[in-house]
Amino acid sequence: MEVQSERTEYRQYAIEEYVLSEEPFYLPLKDEVELFTAAFHQNIPVLLKGPTGCGKTRFIEYMAYRLDRPLTIVKDVTGQSEGSANHGLPLVTVACHEDLTASDLVGRYLLEGESTRWIDGPLTRAVKAGAICYLDEIVEARKDTTVLIHPLTDHRRILPVEKLGQIVEARDGFLLVISYNPGYQSALKDLKHSTRQRFMAIEFGYPSRELEARIIQHEADVPDSLATDLAKLGEKVRHLKEHGLAEGVSTRLLIYAGRLVQKGIPPRRACQVAVVWALTDDHEVQRSIEEVVSSIFE
Amino acid sequence: MSRSSIRRLVGRFEKELAPFSTALAAEFRSSAEVACDLLEPEEVALWAEDGLELARRSWRSWEAASEYFRATPQVLPLIGFVTMRQWVQRGHDLVEQSSSLAAAYFRASPDTLPHLSLSQIDDWVILGQHLYKGTWRSASLAVQFFDMSPALLSQLSLDEVRALVRFVDVLAERSYDLAAHCLSATPTSLAPLPPQDREAFIRFAEILAYTGWADARSYLEKGPGLLSQIQASQRPRFLNLTREVARQEGRQAFTFFTEGARALGQLEGDDHPYLLSLAEDLASRSPVAAMEFLKSLPQVLVRISVDDLHHLHAFGLALLEASIEGGKAFFRLQSSKSDEVLESLSSRVELSRVAEILRMYCKALTGSNVAIHSADALAEKNIGWVASERPSTEGTAIYLPPAVDEYQDKAQSFGVYKVYSTHQAGHLEFGSFDFLFERPGHIFPDERHQLEEKRGGPKKALTDIERFFDLFDDRRLASDLFAVVEDARVDRLVAQEYCGIRSIYRRIQDRELEKRPQPEDLPLRQAFLENLILASLEGFQRMRWPVTMLGLMRNALGLLRGVQQPQATVEDSAEATVRLYSLAQKVPNIVSDLEREWQRLEEEGAELPQDMDSLSQALTQLMQSGQEQSYESPQPVEFRGEFKPELVQLLMRLRQEKETRQTQASPPALSPEQLQQLMDKSVEITLNEMAEGDLAESSALFLANLLKETTPQRPEKRLPYHDGQPPLGMPREGEEGELTCEPNYSYYDEWDFRASDYKPRWCRVAEYSLSEGEAQFFEQTLTKHSSLVSQTRRQFELLRPEMFRKIKRLLDGEEFDLDSVVDFLVERHSGHQPPGKVYWRRNKVERDVAVAFLLDMSASTDEEIMKHERRYGQDDFDDDPRRYFSWWMSRRAQDMLTPPKRIIDLEKESTVLLIKALETIGDSYGIYGFSGYGRENVEFYVIKDLEEPFGQRIKQRIDKIAPVRSTRMGPAIRHATAKLDAHDAKVRILFLVSDGRPQDHGYGRDRTEKEYAIHDTHVALLEAKRKGIVPFCLTVDRYGHDYLKQMCDDIGYAVVADIEALPSRITTLYRRLTE
């Protein structure tokens, strides 16, 4: 929902009303699009697994856009209700962190004048609006918080709002999607089985060299050969995972490198700042990757 | 005077002389005949009178007189009568002191005087007199001097002899034997030296006598040999410099000399003047630094060129001005500054420094785990590779030369490594070793199977590549061709995949091309291969081939171009080999004496095969023109290294089989006989020391090595032994149980407070896992201290934080705090402006502590605790031995019943209690012990590693804590710090428990010096602090306060005066530290 005054240049939306206006670029790796579509229609919550920067968020945006349906806006407390029927499902994204509490998700009372006012949290809004609610990096959230989503993930599809003494039924189109990166979490930060087993899981890997080259080429708007070289670099650097690197280089970083080159930065330098230095602080590992870079790029 | 009167005169003297000795008289008579001819009669009388005078002087002075008479005939013509009187006068002087001295003087005169001017005679005598001190030993030394004078003076000037005498004189004060020996040895040792060096040599000897007389003999014996290593013109200069150093330093003169000479001996003679001038510059500031500089030159010049030396020199000189000690350490190469400067000046790249980078680089390229080793390591394994500096791979590791130093700067030298490893990694990445006989190629149609059919079907072969090579009669030729083709394919793929490396690849190829032989100098078949190699290196303009057979060569080059296409596989290389082999077979290996027309071959499109008729015509013509030669493999291409696909495939197969055999119990598919067969026919295998006679033996060894290579790597057992015994706590040989793994070695710098710099990579810490004993000790201690255990446990339980603590009165939070809200509203209604702190939030509080306990396991912990007290109680016995004895007996009886407690026992008990407490609280903790001897052998025992869970094995290890050797704290602290640093925790503590000051061999100037060790330990603790680790020192040495104050400075420490209280103190202290 656009709020435009004469002065402000930014656009501001109510969280559940944010809808993508253009189709995000996404190249399917395997059958994840079909799987997700099926899960959506069957109301099966989805767990996206995969290393950072491999396209999980982009995928969910793409799916939200693709799963087209007429949009109805819930009239909420802010009173803003109108909206043009846009493409796609609204997408509510919550980045989880270790201090994320239940009230951060569900809602809380705010003090207003002499009285209190209840304000819905993002999850509640998504449930009411029938949006896709995407909880990014779910393992970072506290365990007591993750339990909260359980009633939403099974046949009940309800969200109990304890403090109001209410239960909100999920609207059609509501889908809970969580993401999870099994790589770097310590043993302490593993997903509980009671949570895990409520989701179907789609696993994401890094795209193949050819596919990644196409992605880079599109996203960074660079020539084919450069995109291929960047993808090659990605492939080589990922060999170093667990051998000096905790994580392989993300497609995102490769795209950044491509974009820098597109703006006239020499490729070796671009890779140094966008790949090598972004990946590690260990000088020896840096040096090794730089050697790979200097082998691939002139 | 008439003849007869002279005869009378002579007769008279003879009669007078006769009573002394008939020999004297006889001597007189024979000399008199000559004397009478040369002298006036009056002079004869004087001459004879002098002799008589001499003989009269003392009891045995007639001997001197006799020598006098005997010498006369020779001396007289030399110096004339007037001087002769002086000469005799000196003899008179000498005879006063000792007749034998005088005798020796006269005896030596005839041969000595020719070397002296008339005025020098006195000086000479004075030298002899100088040595005479009135004792018979000094007399014999002086006699020896006179006796040797002819020999000495023939080699030395009088001044030099004077220096020699001083040298001998100083030695004589210490030992006459040594002095005599040196004196007698001088002429022989001087003989090989050219005259101009002798003076300096002797002068150095003189200084040596003052500063290190004991080395005099070695100097004379070895000196000339050492000196000869130095460039001729520079020897006096070197000696003078060394002498100056020795003079100023006052010790170690000979050491300076030998070390300096040896060092220079290893270097180019032409550089000596320059090097010495640099050293002389330093000598004015610090003589020792100058010598250190000379001494470390060979090491330095391996890394940097002479032209860059002045940078190092200037840097050191500046350092020297600031601090002499710092400068010395710099030139001794024992400071990190010297390391840095060298590294920045050096263009040499050492494998050890870049191995890790290259390893990750290759890992990135190939995606498999590739180890990087020095090429020597491969030859040592004796599995078919021989010692060479060339790169190679055996499938799991890449072997590279230990250092590259061919270019002006480091980057280029590193580039060489990069090309080497990229090519080898290319073999792995592009599947050179994945050859499958059955798999068709992408470019060439299959001819392998046809060929095999023709040769009677498949034979038994261990590997696919072996089966492939079995297709050829001349295996060497086939193998060489395959290597050329496959290398060409890999190089092309590398160039295509990695654009960035092309330029340096190109440079190295060009350099390689310059080294290649001219094809026209080679026998024809070898020229054929050479042309292929040149083509693969893109050296087209160097290719030459007889014009009559141009078509054949073009055909071959076309085949090569085929495998250089991007989609070509190793199978295509094989197909190309089949075709090239048949072409090469057509080419006779002859050196033609015909004037053949060698023509340049240009890079053109492939031509059709030459028609057979013209080819055979050309061939017959050639065959007649020259002798068939035996085929030799082409000169290897340096950067491509060694390519041994047959061996690598065999190794890979062996490895694979080992793995499958481990999982399923199937019998080995490979028999030694099969391997033997392969070995007999393969041309790739070259064994070390393969003598003709013991072929069978060495091949058996080879097989054993091969099999060993493929077993899962278990490092050899290597433990530090002292006095032939493994240290306590380490398993003895033959002791049952697991083999102890080779320790992990880490290197740490050490702080030299004198130089205010680190000594780089000075200490080697070997990390062992402590062996396991009985678990009983653990349980026993717990029972013994049960009350203390429960007490500490309760205290520690209190420390455990609540996970989520409710924090109230916040401006923002999870929820309203109802009480606050009520208060808030009440205040609002009563007209106040209350702050809006009405929320509460649960805060996550985590205790995140990691601690490393470092226990002193030095030999001193073996000390009984009672002994401490006994030392103070001893006075009671005064001098009454009986009372002491009875006390001692009772004491011993008591000891038999309850063995005395040692410090280490208390350390062990403390460990047990600590573990119990720490397990309660849930902190991650590591327990380590340390000891060792010398900087190379710092032992670090792991009792429990930080990440290791507590269990039975840990309990058993505690039992094995035992006193070992010295206490080099610095490196142990650094190692523990490194462990903690790698561990992620909010609070990290290093807890050091010791029984005294740090002490070790070489930990300071000598064993008694304490400063050095304390400074190093202090710096090590500071390093820990800088890394965010809290160090804490606890000592049971009741006199610990004095040095702990200095060692710990602003770091926490405690002294446990009552040693028995250690277990309870240690837990209390830990609790306080982390509260």
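Residue numbering restarts at 1 for every chain, and letters A, B, ... go by the order of the sequence lines. These numbers were taken from a predicted model, which means no experiment stands behind them.
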Novice: Of the backbone (N, CA, C, O) and the side chain (C-beta and beyond), which part of A:S103 lies under 4.5 Å from a heavy atom of chain B, both, or neither?
Specialist: side chain

Novice: Could you tell me whether B:D817 and B:K837 have a side-chain N and a carboxylate O separated by less than 4.0 Å?
Specialist: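 Answer for the salt bridge query: no.
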
Novice: A:V293 versus chain B, heavy atoms under 4.5 Å apart: side chain, backbone, both or neither?
Specialist: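 Interface part for A:V293: neither.
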
Novice: Is chain A contacted by the side chain of B:E429, its backbone, both, or neither, given a heavy-atom distance below 4.5 Å?
Specialist: side chain

Novice: Might you confirm whether atom CD of B:Q567 has over 12 heavy atoms from other residues, nucleotides or ligands at distances under 6.0 Å?
Specialist: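 Yes, the 6.0 Å shell around CD holds more than 12 heavy atoms from other groups.
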
Novice: For A:R196, is there any backbone N or O sitting under 3.5 Å from a side-chain donor or acceptor partner on A:H193?
Specialist: no

Novice: Can you confirm whether more than 12 heavy atoms, excluding those of B:H983, are under 6.0 Å from its NE2 atom?
Specialist: yes

Novice: Whether B:K944 engages the ring of B:Y925 as a cation-pi pair (distance to the six-membered ring centre under 6.0 angstrom, angle to the ring normal within 45°) should be assessed.
Specialist: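 Yes, B:K944 sits over the ring of B:Y925.
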
Novice: Quick check on the interface: out of A:R268, A:R238, A:K236, who has the most heavy-atom pairs with chain B under 4.5 Å?
Specialist: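 Answer, by heavy-atom pair count under 4.5 Å with chain B: A:K236.
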
Novice: For A:E162, does the CD atom sit with more than 12 other heavy atoms under 6.0 Å from it, leaving out its own atoms?
Specialist: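 Atom CD in A:E162 is not crowded, with 12 or fewer foreign heavy atoms closer than 6.0 Å.
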
Novice: Check whether B:K363 gets within reach of chain A through its side chain, its backbone, both or neither, counting any heavy atom under 4.5 Å.
Specialist: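 Both parts, heavy atoms under 4.5 Å.
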
Novice: What residue, out of B:L358, B:I504, B:I501, B:I357, has the most heavy-atom pairs lying under 4.5 Å from chain A?
Specialist: B:I357

Novice: Under a 4.5 Å heavy-atom cutoff, which of A:D104, A:V285, A:T228, A:V237 has the most pairs with chain B?
Specialist: A:V285

Novice: Select one option (side chain, backbone, both, neither) describing which atoms of A:Y109 are under 4.5 Å from chain B's heavy atoms.
Specialist: both

Novice: Mark yes or no for whether B:W840, through its side chain, and B:F816, through its backbone, hold a donor-acceptor pair below 3.5 Å.
Specialist: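 Present.
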
Novice: Does any heavy atom of chain A fall under 4.5 Å from the side chain of B:D984, the backbone, both, or neither of them?
Specialist: neither

Novice: Can you name the one residue among A:E291, A:H283, A:E290 that meets side-chain hydrogen bond (donor to acceptor under 3.5 Å, both in side chains) with A:R287?
Specialist: A:E291

Novice: So what's closer than 4.5 Å to chain A heavy atoms on B:Y505: side chain, backbone, both or neither?
Specialist: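 For B:Y505, there is no contact with chain A at all, as no heavy atom is under 4.5 Å.
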
Novice: Is it the backbone or the side chain of B:T366 that comes under 4.5 Å from a heavy atom of chain A, or both, or neither?
Specialist: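 Contact with chain A: backbone only.
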
Novice: Sort out for me which of A:V292, A:T101, A:I289 touches chain B most, counting heavy-atom pairs under 4.5 Å.
Specialist: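 Max contact count across the listed options: A:V292.
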
